[in-house]
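Report on the structure given below.
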Amino acid sequence: MQVDETKFLQLVADSGLISKTDLAMAVKKARDTKQGIGEYLMSQGTLTEKDLRSMEAVVLGIPFVSLKGEKIDFAVLSLIPEPIARKNNIIAYKQTVKGLEVAMLDVDDLSVIDFIKKKVGGHILPRLTSSDSIKEALSLYKKTLEADFQDIIKKESVALNTLNDDDGSSEPKTEKELKEMAEDLPIIKIVDTLISHAILQGASDVHIEPGEASMVVRYRIDGILRDAMVLPKDTAAGITARIKVLSNLKLDEKRLPQDGRFKITGDSGNVSFRVSTLPTYYGEKTVIRLLRENSKGFSLEGLGFHGEALERIHEGMKQHTGMLLATGPTGSGKTTTLYTMLDILNTPDVNISTIEDPIEYQMNRINQTQTKSEIGLTFANGLRTLLRQDPDIIMVGEIRDGETASLGVNAALTGHLVLSTIHTNSAAGAIPRMIDMGVEPFLIVSTVKTIIAQRLVRRLADNKEQYFLNETEKVALERVIDFDRMLGFLKLEKIVPEDATWDKIPFYRPKPSDEAPDGYKGRVGIHEVMKITPAIKELILKGSAGDAIEIQAKKEGMMTMLEDGILLSVQGTTTTEEILRVISE
């Protein structure tokens, strides 16, 4: 796209977003790095992409449009087929008497405009937009699945009823009958739609639950289970059979639980599915866990770490020996935290090996091993083998038993940095849990360096409402946190002014919108990071309880998960209600 640089620079200078001196310096650096000045300013955070595209549009004399939150008529959207729209970053969004208005990233792409003109006919009116705007509009192609889903189920159920009537039975029992049903087109369509819709909605789990008269499908989105749809009872056997075929499970085994997995590759990258079936009163319940293998670009700051906690993690990662533990319940983001740390540690001069169940993200230059308990490859046996592979850094997916804990401690003692997870409710709770597994206290103080506890809370959408605590809310919050201590943390991290008082500190509440019906979108971590200091080592050796260890850690400056959550609430990232929902003390 050819933009007059002189006019563009004048527009940037007039905007007041950057001083003339800084702009002149930016021009020089952009030329030195052979970048366009607009792209350079965007990379430095001076301009957002929306700012950049808006200014380019003014210079070019072309309108700028944002499609974020816009409702586009599907009849207009589908004038440009999805593959063409996705490949060329072009969206048809409005049909007027003057012609078809299309949003583009490159309005100079005349070949695409000519192609659309021949296909659609009439005038094509190009408009400039941003990549975020294009991305959101592209998702509308697949959001039509939601509107059409019930129709799909209805049509395919008729076909299923016909199939069932052919053999005189609505409940096939033999493996052959189940396999035939699993390979039937109506069932394949239903399962494919369930899975693609789960990926589109960003679900972490799919629950398929048979009842007396119907089958309920629920998606866990942002940590909350939500009813997605109700399917006819006669689809249950075929859907379960289809999922079993995909995950290589025994079709005719309905009395025992089974576990399996499968993988698909699509627009969202590689997605692995971990499948669990469980016999219930009305049939087999199936739960599918979605694992997005290509999730990259995480940073500790992006996960929610900040301040002293962030420094403690970096300090722990600089050690050549010892253990770093992440704790929390299932689905609290522990593995993502460990992978982010591994990504930072992954340099050419170290050998990193992992033993996991399952391998959730695939990482270059890291040797990842999947456990297979059915053939004896457990965490403990895998860890023994890893120690003979000349590793510098080892990641153990989970410490589940005394044998794995003991081997991990020994690995840390013999010159390795060991990262792992353990199921406890707090950072301090990891110590008594390890002792309960049979690890001697003197070995814990010799090896464990840092313990991270975490939860995931829902993140407020951009459309949110500010408010200030009234007296009732303040009293309720004072029951769970120390206001003076919390105010000290807020001032220390410069989130509020030095003279701030609670009646002048803003909080935020969700404001529902079409994009975020409940006012939340996405999740972020809240954490507590406990460093094993000399004072805490003494408590461990004395056999002190987890509560005593936590009190000492707080004295030494540890911010608890609850306090971290309140800090995020003041920043407008989440709400106090969400924090208290996730953490109960």
Side-chain angles (χ1 to χ4, degrees), residues 223 298 300 303-306 308-310 312-317 319 322-342 354-357 360 379 383 394-402 404-409 411-412 417-439 441 443-445 447-457 523-533 536-537 539-540 544-554 556 558-565 579 582-585:
F298 290 121
L300 290 172
L303 295 180
F305 291 99
H306 56 89
E308 178 72 18
L310 185 62
R312 289 180 175 187
I313 293 176
H314 280 296
E315 187 181 334
M317 289 193 297
Q319 306 296 318
M323 293 186 80
L324 276 70
L325 297 175
T327 79
T330 301
S332 60
K334 301 185 299 295
T335 305
T336 301
T337 297
L338 291 190
Y339 272 110
T340 304
M341 292 162 68
L342 283 181
T354 74
I355 179 80
E356 307 170 57
D357 181 26
E360 295 193 20
F379 279 116
L383 183 50
I394 298 170
M395 196 267 268
V396 182
E398 183 184 340
I399 293 177
R400 294 178 179 172
D401 51 50
T404 308
S406 177
L407 286 166
V409 166
L417 182 62
V418 179
L419 283 66
S420 190
T421 70
I422 189 169
H423 286 285
T424 60
N425 289 327
S426 65
I431 302 299
R433 176 74 181 117
M434 290 186 74
I435 293 172
D436 186 53
M437 286 182 177
V439 181
L443 290 175
I444 294 175
V445 300
T447 55
V448 179
K449 307 293 185 186
T450 310
I451 304 175
I452 305 160
Q454 63 184 74
R455 301 286 190 281
L456 292 177
V457 295
R523 289 192 289 176
V524 66
I526 55 174
H527 311 88
E528 60 188 35
V529 181
M530 187 175 81
K531 180 181 176 184
I532 307 300
T533 61
I536 290 176
K537 286 180 181 180
L539 290 175
I540 294 171
S544 300
D547 289 345
I549 294 171
E550 182 170 309
I551 290 169
Q552 180 61 36
K554 288 170 72 174
E556 295 177 359
M558 182 185 81
M559 187 184 294
T560 65
M561 282 184 286
L562 184 59
E563 291 165 341
D564 192 29
I579 299 302
V582 172
I583 299 176
S584 55
E585 288 195 349

Report task. Mind running side chain to side chain contact (heavy atoms under 4.5 Å, CB included) on Glu398 and Ile422 for me, showing each step along the way? Result -> CA-CA 6 Å; Glu398 183 184 340; Ile422 189 169; over 6 Å; no
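- Checking Gln454, His527, Glu528, Arg455 one by one against Asp564, the side-chain contact (heavy atoms from CB on, under 4.5 Å) holds for a single residue, His527.
- Contact detail for Leu338 and Ala326: the closest heavy-atom pair is CD2-CB, 4.2 Å.
- A side-chain donor-acceptor contact under 3.5 Å links Thr421 to the backbone of Gly397.
- The two residues Gly316 and Leu417 have their closest heavy-atom pair at O-CD1, 4.3 Å.
- Taking each heavy atom of Ala412 and Val418 in turn, the nearest pair found is N-CG2, 3.8 Å.
- With hydrogens and angles ignored, the 3.5 Å screen pairs no side-chain donor or acceptor of Thr404 with any backbone N or O of Arg400.
- For Ser420 (side chain) and Val396 (main-chain N/O), a donor-acceptor pair under 3.5 Å exists by modelled atom type.
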Query - Criterion side chain to side chain contact (heavy atoms under 4.5 Å, CB included) on Ile526 and Ile583, from CA distance to verdict - result: CA-CA 10 Å; Ile526 55 174; Ile583 299 176; 3.3 Å; yes
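- At least one side-chain heavy atom of Ile549 sits under 4.5 Å from a side-chain heavy atom of Met530.
- Between the NZ atom of Lys537 and the OG1 atom of Thr533 there is a distance of 8.5 Å, given to the nearest 0.5 Å.
- You'll find the side chain of Ile431 stays beyond 4.5 Å of the side chain of Leu539, heavy atoms only.
- Side-chain atoms of Ser406 never come within 3.5 Å of backbone atoms of Gly402 as a donor-acceptor pair (strictly under, hydrogens ignored).
- In this structure the side chain of Val445 never reaches within 4.5 angstrom of the side chain of Val448, judged on heavy atoms.
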Query raised in the report: Stepwise, does the side chain to side chain contact (heavy atoms under 4.5 Å, CB included) test hold for Met437 with Asp401?
Result: CA-CA 6 Å; Met437 286 182 177; Asp401 51 50; 6.0 Å; no
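- Side-chain atoms of Ile394 and Leu419, non-hydrogen and from C-beta on, never get closer than 4.5 Å to each other.
- In this structure, the side chains of Thr354 and Leu342 come closer than 4.5 Å at one or more pairs of heavy atoms.
- Only one option out of Glu550, Lys554, Glu556 pairs with Gln552 in a side-chain contact (heavy atoms from CB on, under 4.5 Å); it is Glu556.
- At most 12 non-hydrogen atoms from other residues, nucleotides or ligands lie less than 6.0 angstrom from CG of Asp547.
- The nearest pair of heavy atoms linking Val524 to Leu303 is CG2-O, 4.0 Å.
- Two residues are said to be in side-chain contact when any heavy atoms from C-beta on lie closer than 4.5 Å; Ile435 and Ile444 meet this criterion.
- Two residues are said to be in side-chain contact when any heavy atoms from C-beta on lie closer than 4.5 Å; Met434 and Leu325 meet this criterion.
- For residues 417-439, the salt bridge (Lys or Arg N to Asp or Glu O under 4.0 Å) pairs, not counting sequence neighbours, are Arg433-Asp436.
- Here the straight-line distance linking atom CD1 of Ile452 with atom OG1 of Thr327 works out to 8.5 Å at 0.5 Å rounding.
- With hydrogens and angles ignored, the 3.5 Å screen pairs no side-chain donor or acceptor of Lys531 with any backbone N or O of Arg312.
- For the pair Val529/Met558, no side-chain contact is recorded, criterion being any heavy-atom separation below 4.5 Å from C-beta on.
- The number of heavy atoms from other shown groups lying within 6.0 Å of NZ (Lys449) is above 12.
- Rounding to the nearest 0.5 Å gives a distance of 11.0 Å between CG of Leu443 and CE of Met323.
- Of all heavy-atom pairs spanning His423 and Thr330, the tightest one is CE1-OG1, 3.4 Å.
- Scanning all heavy atoms of the two residues, the minimum distance from Ala453 to Ser426 falls at CB-C, 3.7 Å.
- From Phe379, atom CZ reaches atom CG of Leu407 across 13.0 Å, with rounding to the nearest 0.5 Å.
- Of the possible donor and acceptor atoms, one in the side chain of Glu563 sits under 3.5 Å from a partner among the backbone N and O of Thr560.
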